[in-house]
Amino acid sequence: MKKVKTPLDVETIGKLKAGDFVEISGVIYGARDAAHKRLVELLKKGKKIPFDLNGQIIYYVGPTPTPPGVIIGSCGPTTSSRMDIYTPDLLKAGLKGMMGKGIRSEKVKETIITCGAIYFVTYGGCGAYLSQFVKKCEGIAFFELGPEAIYKINVENFPAIVGIDSKGRDIYSF
Amino acid sequence: MRMRKIYEKVIVEKIYASIEKASFSLEPQIKKLIYDAKEKEKNPYGKKVLEVIAENIKIAENKKIPICQDTGMIVLFFEIGSKTRIEFRKFKTLQELVDFAVKIAYKNMYLRKSVVYVPDRKNTATNTPAVLWCENIPGDEMKFSLMIKGFGSENTTQLRMFLPGVEQNEIIEFVAECVKKAGPNPCPPVFIGIGMGGTAEKAMYLSKKALLDIGKKKRWKMAEFEQKIISKINETGIGPGGFGGNFTCLDARVKTFPTHIAGFPVAVSISCWAHRMHQESI
């Protein structure tokens, strides 16, 4: 088990290999389809986006609404491949990590290598379990998208596996 | 003919209760398949995934947290006895009644509203409309099966219009190929529903309906074919979470319908391991 702290640095990323079990602590950003579309549109127009991408991890998640008195609802990963068309632009803008479930495109894999980034996968359908590792969660942008808003999520020892490492090794092709 | 009256309130309450059951717990027959696989899985990654899944099921039940954040679209299969009559007062149609129940359930239970209008993709904000299917059955009973269908698995649905002379093993190959192509995306270990025959849309409908039989007693007529499908899929080694393992598919069920001399439609519906459903009789 390897401990990972956010924001990610080159050294941490370099030490991680596809298939490694990790525990992530720090801030991660939750965003999925519609939020990605908007982020990339803003970047292409040269506009400011709602958070600093540098060294950050985007978690592909759309949690269930938070009931009163709890930190977050169910918050498991969604299918990453739908984000493939947006990911290279985000990586080029400084994003260092992604977390979701499933295979990525060749283009994403190439960009992961050239940008020295990393792709984590976590347990699909296990949103109740994963919610136990969230210490704080707040919506920060695109609220009108409802479950597709961008969330700032504080996690502690959030369990994941390295899906694609910075050398392009892929857990799904083992 | 004497008709049995069924009141709106009863149906609304049963649907509401079914959504609650299916959102926070799995049916015993589904859990049994998962727990058995957890004991038998040899691959360390696959085993770990099944252990986390078991833990997730426990936390969801005990803390009342939705099993999965994708609280899906509601698919409802009604079987309405020909000797029943719904006493419509507040609602004009069954669809309206169902959508009312879904709307309040999703609001009160803090379930994710994932349904958007097409083509503009604006969220309907209520997780309605539900996908509603009605069949007519003999008798004075009304039954329904409710499914919470997530789209990680729904996006991997396939239909193929085979030639009439297709061999059984070609169909088995096709189903295994669908699962292989889907890979980790539908959250394996998966459950497979197969619809064979009818027209294209009938085959699709049957494949979804076949998922309702998962984990239940097998019908001898199809049991062997279903077992062959399961074995073929498990040969892929995709495994739990797609990280490798012996268990990629935990059960497969087939439903058939006569078809045309010129064709053989085969539809494959895939459900994630979190196969959330509930059945009720009124």
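Reminder, nothing fancy here: chain letters follow the sequence lines and each chain counts from 1. On a predicted model such as this, the values are computed, not experimentally measured, just so you know.
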In terms of heavy-atom pairs under 4.5 Å, which option from C187(B), P186(B), S114(B), A60(B) contacts chain A the most?
->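 Of the candidates given, the most pairs with chain A belong to C187(B).
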Among D70(B), I53(B), I59(B), who wins on heavy-atom pairs under 4.5 Å with chain A?
->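 It is I59(B).
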Who in residues 129-160 of chain A is close to chain B, using a strict under-4.5 Å heavy-atom cut-off?
->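 The residues closer than 4.5 Å to chain B, in numerical order, are Y129(A), S131(A), Q132(A), P147(A).
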Side chain, backbone, both or neither: which part of [X] has a non-hydrogen atom closer than 4.5 Å to chain A?
{"X": "K63(B)", "answer": "side chain"}
{"X": "I67(B)", "answer": "both"}
{"X": "N185(B)", "answer": "both"}

Checking heavy atoms, do the side chain of [X], its backbone, both or neither come under 4.5 Å from chain B?
{"X": "V70(A)", "value": "neither"}
{"X": "S81(A)", "value": "side chain"}
{"X": "I103(A)", "value": "both"}

Shortest non-hydrogen contact from G102(A) toward P184(B) =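 Heavy atoms only, the tightest pair is CA-CG, 3.5 Å.
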Top contributor to chain B interface from G163(A), P67(A), G124(A), G127(A) [non-hydrogen pairs under 4.5 Å] =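 Heavy-atom pair counts peak at P67(A).
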When G73(A), S80(A), P68(A) are compared by non-hydrogen pairs under 4.5 Å with chain B, the top option |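 Of G73(A), S80(A), P68(A), P68(A) has the most heavy-atom pairs under 4.5 Å with chain B.
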4.5 Å side-chain heavy-atom contact, K107(B) and P65(A) |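 No - every pair of side-chain heavy atoms lies 4.5 Å or more apart.
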Within a strict 4.5 Å, meaning less than it, do heavy atoms of the Y110(B) and S74(A) side chains meet?
->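 No; the side chains remain at least 4.5 Å from each other.
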Which of residues 229-248 of chain B get closer than 4.5 angstrom to chain A, counting heavy atoms alone?
->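 Listed by number, the contacting residues are G241(B), G242(B), F243(B).
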Exam field: side chain Q69(B) to backbone G62(A), donor-acceptor pair closer than 3.5 Å =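 Judged by distance alone, no pair lies under 3.5 Å.
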For [X], is the [atom1] atom crowded, meaning more than 12 foreign heavy atoms sit under 6.0 Å from it?
{"X": "K17(A)", "atom1": "NZ", "result": "no"}
{"X": "K37(A)", "atom1": "NZ", "result": "no"}
{"X": "K5(A)", "atom1": "NZ", "result": "no"}

Which donor-acceptor pairs under 3.5 Å do the side chains of residues 28-39 of chain B make with protein atoms, sequence neighbours left out?
{"unit_1": "K31(B)", "atom_1": "NZ", "unit_2": "E61(B)", "atom_2": "OE2", "d": "2.5"}
{"unit_1": "K32(B)", "atom_1": "NZ", "unit_2": "D36(B)", "atom_2": "OD2", "d": "2.9"}

Determine which pairs satisfy side chain to side chain donor-acceptor pair (under 3.5 Å) with at least one residue from residues 48-57 of chain A, sequence neighbours left out, and list them in order.
->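 Listed by first then second residue: D52(A)-N54(A).
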Nearest-0.5 Å distance, OG1 of residue T64(A) to CE of residue M109(B) =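 Spacing of OG1 (T64(A)) from CE (M109(B)) equals 13.0 Å.
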State the OH-CD1 distance between Y45(B) and I171(A), to the nearest 0.5 angstrom.
->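 Result: 5.0 Å between the selected atoms.
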Determine, step by step, whether N155(B) and T79(A) satisfy the side-chain contact (heavy atoms from CB on, under 4.5 Å) criterion, reporting the C-alpha distance in whole Å, the side-chain angles of both residues, the deciding distance to 0.1 Å, and the verdict.
-> CA-CA 10 Å; N155(B) 279 337; T79(A) 305; over 6 Å; no
List the steps and the verdict of side-chain contact (heavy atoms from CB on, under 4.5 Å) for V49(B) and Y123(A).
-> CA-CA 7 Å; V49(B) 170; Y123(A) 303 98; 4.0 Å; yes
Could you check C126(A) against W273(B) for side-chain contact (heavy atoms from CB on, under 4.5 Å), going step by step and ending with a plain yes or no?
-> CA-CA 10 Å; C126(A) 298; W273(B) 65 259; 3.8 Å; yes
